[in-house]
Amino acid sequence: MQIFTNPAEMAAQCRQWHRDGDDIALVPTMGYYHAGHESLMDWGRQQAKRLVVSLFVNPTQFGPAEDLAAYPRDFERDSAIAASHGADALFAPAPEDMYAPDHATWVEAPALAAGLCGKSRPIHFRGVCTVVLKLLAITGADVAVFGQKDWQQQAIIRRMVRDLNLPVRIDARPTARAEDGLALSSRNVYMTESERAQAPHIRKGLLLARDMAAAGERDGEKLRQAVLAYWSGQMPLGKIDYLSMVHPESIEPLARIEDRALLACAVQLGKSRLIDNILLAE
Ligand code: PAF
């Protein structure tokens, strides 16, 4: 596996692969790998001749009060993991390699970024879209792989790709979970023992809503209230940022399940902001 930090050198290598007739899969990451990242790499490995993993803690998607400085990092371990999952290249630029001091161009999809995580993280998705577009431009990837845990993120990226006619396929892969159901996240390491013990109830609450929906409940507010009541009993340390039912593609709020519906949440457990979601109707 080759390690690139310079965007021009990474781009030159990708152009060469394309000239050789090799297609390219990109797995964009911010590092501190867990089994979820590994499953995205494994999927990417199967989709194209060449696999590029990018490792970049993108400063523009963190708000001023967020955890950019504290975000967990372990370059040696991450590069060994990427290599062991068959990456041909690890692209690990420094922030100054990606953003000129007078960087002035942003990409955003405000209609999809207003709700859910976008409400409490107003600049987040602008930073995500901009960096993902840059990574796609640098690598010329034929397919890019994301996780369904960040459902809103993959919906926004799909929309950006469609709206800007980007020649790339977006694959979104199922959320990897701990045995007790907690969605794997690099931010799980911030939790204390008692917070971690309560965290699996996030998923259990969402499953309760799915069972109610499967039994015929269509009213979004009734589903929400049932989950909130469950959480307040089982997860007293959790502070609910949001629990919302939305259309999985447009991310528009839904009052009732008519067609497709996603229930998505963000819960603060101590220093960890944990997100998860579940499809109530597909
Ligand atoms: O999901 C992430 O890890 C990040 O938002 C991404 C897609 C790598 C962009 O920085």
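Both counts, for ligands and for their atoms, begin at 1 and track the order of listing. Because only heavy atoms are used, hydrogens play no part in the values below, and waters and symmetry mates are left out as well, while side chains stay in.
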Within-cut-off N or O pair, Gln153 and ligand 1, under 3.5 Å: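 For ligand 1, there is an N or O atom that lies under 3.5 Å from one belonging to Gln153.
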Contact (N/O only, under 3.5 Å) between Gln61 and ligand 1: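 Yes.
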Partners meeting side chain to side chain contact (heavy atoms under 4.5 Å, CB included) with Ser232 (sequence neighbours left out):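 Partners of Ser232 by the side chain to side chain contact (heavy atoms under 4.5 Å, CB included) criterion come out as none, since no residue qualifies.
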Residue Val131 vicinity, atoms of ligand 1 by number, heavy atom under 4.0 Å: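 Listed by number with element: 9 (C), 10 (O).
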Sub-4.0 Å atoms of ligand 1 with respect to non-hydrogen atoms of Pro28: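 Reading through ligand 1 atom by atom, the close ones are 8 (C).
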Pair Asp180 + Arg196, salt bridge at N-O below 4.0 Å: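 Looking at Asp180 and Arg196, the cut-off is met.
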Distance under 6.0 Å and angle within 45° of ring axis: Lys134 vs Phe56: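 No, Lys134 does not lie over the aromatic ring of Phe56.
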Closest heavy-atom pair and its distance - Ala209, Leu223: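 Residues Ala209 and Leu223, closest heavy atoms: O-CD2, 3.6 Å.
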Whether His34 and His37 hold their rings parallel, tilted or perpendicular, with breakpoints at 30° and 60°: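 Because their plane-to-plane angle lies in the 30° to 60° range, the rings of His34 and His37 count as tilted.
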Nearest neighbour in protein (non-hydrogen) for atom 3 (O) of ligand 1: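 Among all protein heavy atoms, the one nearest atom 3 (O) of ligand 1 is Met30 CG, 3.6 Å.
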